[in-house]
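Okay, so here's the structure we're looking at.
Below, chain A is the first sequence line, B the second, and so on; all start at residue 1. All values below were derived from every heavy atom in this structure, side-chain atoms included, with hydrogens, water molecules and symmetry-related copies excluded.
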Amino acid sequence: MNAFLRIDLAKRLHIFILILIISTFFVIGGYSYFRIEDNHIRTEKNRELKTIAELKSNQIRHWFVERTDDARFITKSPLIINTVEQWLKNPGNITLKKDLKNRMTLDVIINHYENIFLVSDKGKLLLSAKNSEDIINDATKENIITAVKVNKISFPGFFYSTINDKIHFDIIAPVTDSRGINIAAFLLRIDPDDYIYPLIQSMPVPRLTSETIIVRKEGNNVLYLNELKFMKNSALKLEIPLTQKDHPAVKAVLGYKGFVEGHDYRGVEVLAYVNNIPGTSLFIVSKIDKSEIYEDLYFRQTTIIGLTFFLILITGLGFSIIYKTRQKKIFLDLYLSEKELWESQEEFKTTLYSIGDAVITTDVKGYVNRMNPVAEMLTGWREIEAKGRPLETVFRILSEETNSEAENPVIQVLREGVIVGLANHSLLISKDGKEYPIADSVAPIRNEDGVIIGVILVFRDQTEARKAQKMIEESESYLKEAQQIAHLGHWQLDIVNNELKWSDEIYRIFGVEPQEFGASYEAFLNYVHPDDRDFVNDEYTSSVENRTIYDIYHRIVLKDGTLKYVNEKCHTIYDDKGKPVHSLGTVQDITLQKKAEEELQKTLMDLKRSNEELEQFAYIASHDLQEPLRMISSFTQLLEKRYKNNLDSDAFDYINFIVDGAQRMQMLINDLLEYSRVGSRVHQFKIVNSASVLNKVKNNLQLVIEKNSALITNDTLPVIMADENLLIRLFQNLIDNAIKFKGENAPQIHISSVDMGVEWKFMISDNGIGFSNDYRDRIFIIFQRLHNRDDYPGTGIGLAVSKRIVEKHGGRIWCESEPGKGSVFYFTLHK
Amino acid sequence: MAHKATIRPVEILLVEDNPGDARLAIEAMKDSKIKNNLIWIRDGIETMQYLRKEMNYSEAQRPDLILLDLNMPRKNGIEILTEIKWDDELKRIPVVILTVSKAEEDIIKTYNRHANCYVTKPLDLEQFIHVVKSIEDFWFTIVKLPPQGKN
């Protein structure tokens with residue numbers, strides 16, 4: 001606002017000065033113009049006066065010449081001379097007198113004389129053209145005598161005749177006779193009003209005060225010859241002493257020619273042009289009142305001054321309009337900026353009131369100015385009631401650690417002028433006594449000049465954040481615990497700065513106290529088993545370079561020499577340019593697993609070897625056991641054959657036992673051989689239709705089926721991957737068993753299957769004698785029998801072989817049964 | 001059938017390491033109607049020497065039939081069979097595998113090496129004698145054999 005005014009004032013001054021300068025120019029211009037005009041007018045008037053004076057002077061002179069010529073014409077005319085001579089000689093000659101008078105009258109008429117007199121050389125009137133009261137006075141007589149004496153046409157000029165109270169103009173022309181003796185003279189009298197006065201007074205330019213005057217010297221005075229414009233009855237009456245040189249007429253008479261300024265007969269200031277009239281004793285004064293000249297000049301002056309003022313006024317007005325417009329614009333701008341300010345304040349207010357954090361502002365003394373709804377909610381104070389109160393009243397905080405009142409942060413900010421983040425262990429005590437853990441910061445509010453004008457306090461309820469913090473801390477501690485349990489630590493390698501961070505568990509894995517020393521990649525490599533170091537380094541380097549997976553197993557050696565196995569995994573983060581920034585990885589102590597694995601591996605190897613040995617044993621045994629058995633049986637029979645006549649009945653019994661035993665032994669061996677073969681042979685797994693397998697089995701068992709009137713039914717059976725021969729053996733064993741252990745009714749056997757997703761479940765159910773569930777595991781053991789050999793012959797190899805076949809296919813076999821109610825045998829086979 | 005037997009006794013080579021089995025075979029042959037001359041060798045290497053008339057067997061007669069057991073010391077039956085069937089001089093001699101093994105792989109293996117037939121030794125004496133006599137009958141009365149000493 002002030003700034004605006006300042007600008008405004010400055011502008012106003014500028015404009016004022018500008019107007020002043022322009023006005024000065026106008027005034028100077030006006031004055032100059034006036035001077036030029038003045039000059040011009042003076043020059044013009046002068047010229048005018050001079051022209052008039054010269055014109056009149058010429059006309060008068062010309063008139064004088066005319067008059068002289070005319071007088072000469074009369075006086076030199078021989079006829080007139082003769083007539084005058086004759087008449088003078090004969091005064092009584094009427095005719096002559098009459099002729100003369102006629103002649104003179106004619107001249108009067110033609111040349112507009114007032115009268116023409118014929119006078120004697122002594123001045124006595126002899127004859128007049130017209131009869132008039134006017135007579136020749138003494139002065140005129142004098143003039144006549146003088147003129148006759150000099151024998152020259154003379155101009156006594158104007159004179160005032162007291163006789164008829166009239167002004168006349170006289171010309172005297174002497175008449176000379178043939179001998180050259182002056183005999184008389186003509187007096188040519190002119191009425192000046194007839195021509196000369198109007199001539200003098202007439203003006204070629206109509207002027208109010210301009211006037212032409214004819215004067216002549218009359219002793220020590222100047223005599224005004226003509227009737228004056230401004231003084232009645234003045235002709236030949238007004239005289240001014242030559243001492244009054246202020247009069248242009250005086251100056252003229254004194255011989256001055258040209259322009260003069262002075263006072264005229266009225267005492268009025270005039271400008272005049274004075275000159276003599278050549279050939280006469282007259283002087284002409286052409287004058288004009290200065291006032292008239294200046295009237296014009298005054299008019300111009302007034303006009304110029306008026307115009308100047310007008311222009312100044314216009315300029316002022318123009319500037320005023322411009323200024324007003326500008327002012328209007330300025331005020332509009334001001335209004336707009338005020339409006340904007342108001343809007344931004346409104347926006348600030350709105351922002352303040354809708355901000356999610358609590359905000360309190362105070363003035364420079366720490367009294368509350370504003371607070372937003374969040375602040376109202378947390379402090380329990382309404383903005384209206386809090387306004388103007390000291391902050392510490394509204395915003396009461398305790399230090400959480402000491403439980404004592406904490407320092408008012410506003411005071412600190414005002415004192416130090418810096419942003420203060422409050423200790424994060426502050427408790428806000430609201431008006432109604434509630435406590436909120438808060439986090440806050442206080443900052444000074446500065447005006448444009450950087451002066452602190454208040455303080456803004458921003459704080460927020462930390463209850464949730466504390467919970468979250470606690471959760472994070474808990475989660476971190478769980479993570480640590482979990483890492484400890486899993487023996488899995490994590491690390492982060494800052495590739496740019498080669499800074500490695502280990503979680504506590506890694507230190508523990510490496511046999512040092514957590515965070516005992518600053519980890520680095522080199523320190524890590526030192527722990528790696530010397531034989532694995534290059535491998536680890538190469539793997540890691542190549543994984544970073546080629547962005548491949550880093551998942552390796554290697555050994556580490558602790559300081560005390562303990563050997564450990566670890567599994568390391570990591571992935572590397574790259575920046576926009578593809579430069580590796582850092583790797584994040586895990587280390588897991590897998591020593592125990594590794595040892596268990598090694599043991600398991602060893603066990604597996606042992607098992608495999610022992611299985612192989614067993615199979616070998618079974619094969620060899622069955623081969624090699626056959627021979628002695630056959631020897632026993634064959635030679636016993638040979639003995640019986642060759643010596644039957646020498647043996648008693650007991651001997652035959654014994655021989656039978658020997659042979660029977662040997663034969664059973666051989667059966668067992670054969671079964672054992674078959675059993676071992678299921679495990680040892682290389683089997684061909686092909687796509688097999690189990691329905692066609694069943695058909696083949698039914699074919700194989702045709703005799704048995706018919707003999708026992710067995711009914712074998714089946715649902716749709718699937719196609720599976722299996723060794724067909726083994727599958728035939730499996731179905732055959734189970735169906736054969738079902739028929740063999742039939743009940744009282746004819747055997748009914750049903751074969752079905754269920755899709756179990758990854759495998760098929762087969763069910764072979766019968767209506768046979770069944771067995772107690774107590775035996776359901778036992779029956780699958782080789783050579784285990786539930787019945788007497790005499791009732792149900794067989795070695796008890798069938799189910800053992802079946803189990804082995806199923807297991808060879810990766811399936812399971814089991815059964816459910818109840819004595820007298822039949823059995824169901826289940827087995828699964830992979831699809 | 002008998003007229004052939006009168007010309008000369010048939011030469012049978014029994015390759016058997018088990019004296020019991022050999023004895024049973026010999027016993028069975030004793031009762032044979034066909035006049036035969038049964039030679040018993042119980043060792044693989046000796047068998048080949050005999051067949052090739054080497055060492056002590058320069059006077060040996062080329063057999064008309066070989067009864068070959070698979071379980072033999074030093075050189076087993078499969079090896080002997082292979083050698084015989086690879087030998088142009090010997091390959092026409094019919095070789096009967098007479099063994100206790102009922103194993104499929106043994107059967108397949110011997111036939112793959114051109115055994116002429118495979119017979120399992122029965123456990124029962126009577127059956128054993130019957131089998132041996134049947135072999136004799138089959139090879140010397142039913143089957144037409146290539147003439148001796150001719151390629």
Side-chain angles (χ1 to χ4, degrees), chain A residues 615-644 652 655-684 723-726 728-729 795 797 801, chain B residues 14-32 40 42-44 67-79 81 97-110 112 118-135:
Chain A
E615 276 163 19
Q616 188 71 12
F617 168 76
Y619 180 76
I620 290 164
S622 50
H623 269 92
D624 295 345
L625 284 174
Q626 297 271 25
E627 294 270 316
L629 262 181
R630 243 171 4 84
M631 291 303 103
I632 294 166
S633 135
S634 298
F635 282 96
T636 311
Q637 284 174 301
L638 195 59
L639 188 69
E640 187 191 9
K641 194 180 170 185
R642 293 274 167 90
Y643 302 97
K644 56 186 171 193
F652 283 111
I655 286 170
N656 280 341
F657 279 119
I658 293 169
V659 172
D660 184 50
Q663 278 173 345
R664 268 197 296 119
M665 182 80 171
Q666 196 179 29
M667 276 170 70
L668 284 172
I669 289 166
N670 280 337
D671 287 347
L672 194 62
L673 199 59
E674 188 191 340
Y675 181 78
S676 74
R677 269 193 207 123
V678 172
S680 65
R681 261 182 39 203
V682 179
H683 302 288
Q684 305 278 319
D723 181 306
E724 191 176 12
N725 285 331
L726 290 181
I728 290 169
R729 181 99 55 92
T795 57
I797 191 78
V801 169
Chain B
L14 174 65
V15 184
E16 172 66 75
D17 74 319
N18 185 353
D21 273 333
R23 181 69 184 268
L24 285 173
I26 292 162
E27 290 292 329
M29 283 301 178
K30 272 186 188 168
D31 300 339
S32 177
W40 170 40
R42 51 188 301 177
D43 178 279
L67 298 174
L68 179 63
D69 188 15
L70 289 180
N71 292 332
M72 298 286 291
R74 296 221 278 179
K75 197 173 259 186
N76 68 27
I78 295 286
E79 286 169 301
L81 172 68
I97 306 297
L98 190 62
T99 178
V100 288
S101 174
K102 288 176 180 172
E104 250 176 53
E105 53 261 50
D106 284 341
I107 297 166
I108 291 164
K109 228 186 254 176
T110 49
N112 280 345
Y118 188 100
V119 179
T120 318
K121 291 174 184 169
L123 201 60
D124 189 80
L125 176 70
E126 289 304 321
Q127 282 178 28
F128 184 82
I129 290 166
H130 175 71
V131 163
V132 172
K133 284 188 173 171
S134 300
I135 291 167

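- Annotation for A/S634 and B/L24: closest pair CB-CD1, 3.4 Å, computed over non-hydrogen atoms.
- Most heavy-atom pairs under 4.5 Å with chain B, from the set A/E640, A/Q663, A/Q637, A/K641: that is A/Q637.
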Check your understanding: Can you check side-chain contact (heavy atoms from CB on, under 4.5 Å) on A/M631 and B/N18, steps first, answer last?
Key -> CA-CA 9 Å; A/M631 291 303 103; B/N18 185 353; 3.5 Å; yes

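- Counting non-hydrogen atoms of neighbouring residues, nucleotides and ligands closer than 6.0 angstrom, the CZ atom of A/F652 exceeds 12 such neighbours.
- Interface check for chain A: of the options B/I129, B/T99, B/D106, the most heavy-atom pairs under 4.5 Å are formed by B/D106.
- Using a 4.5 Å cut-off on side-chain heavy atoms (C-beta onward), A/L638 and B/R23 make no contact.
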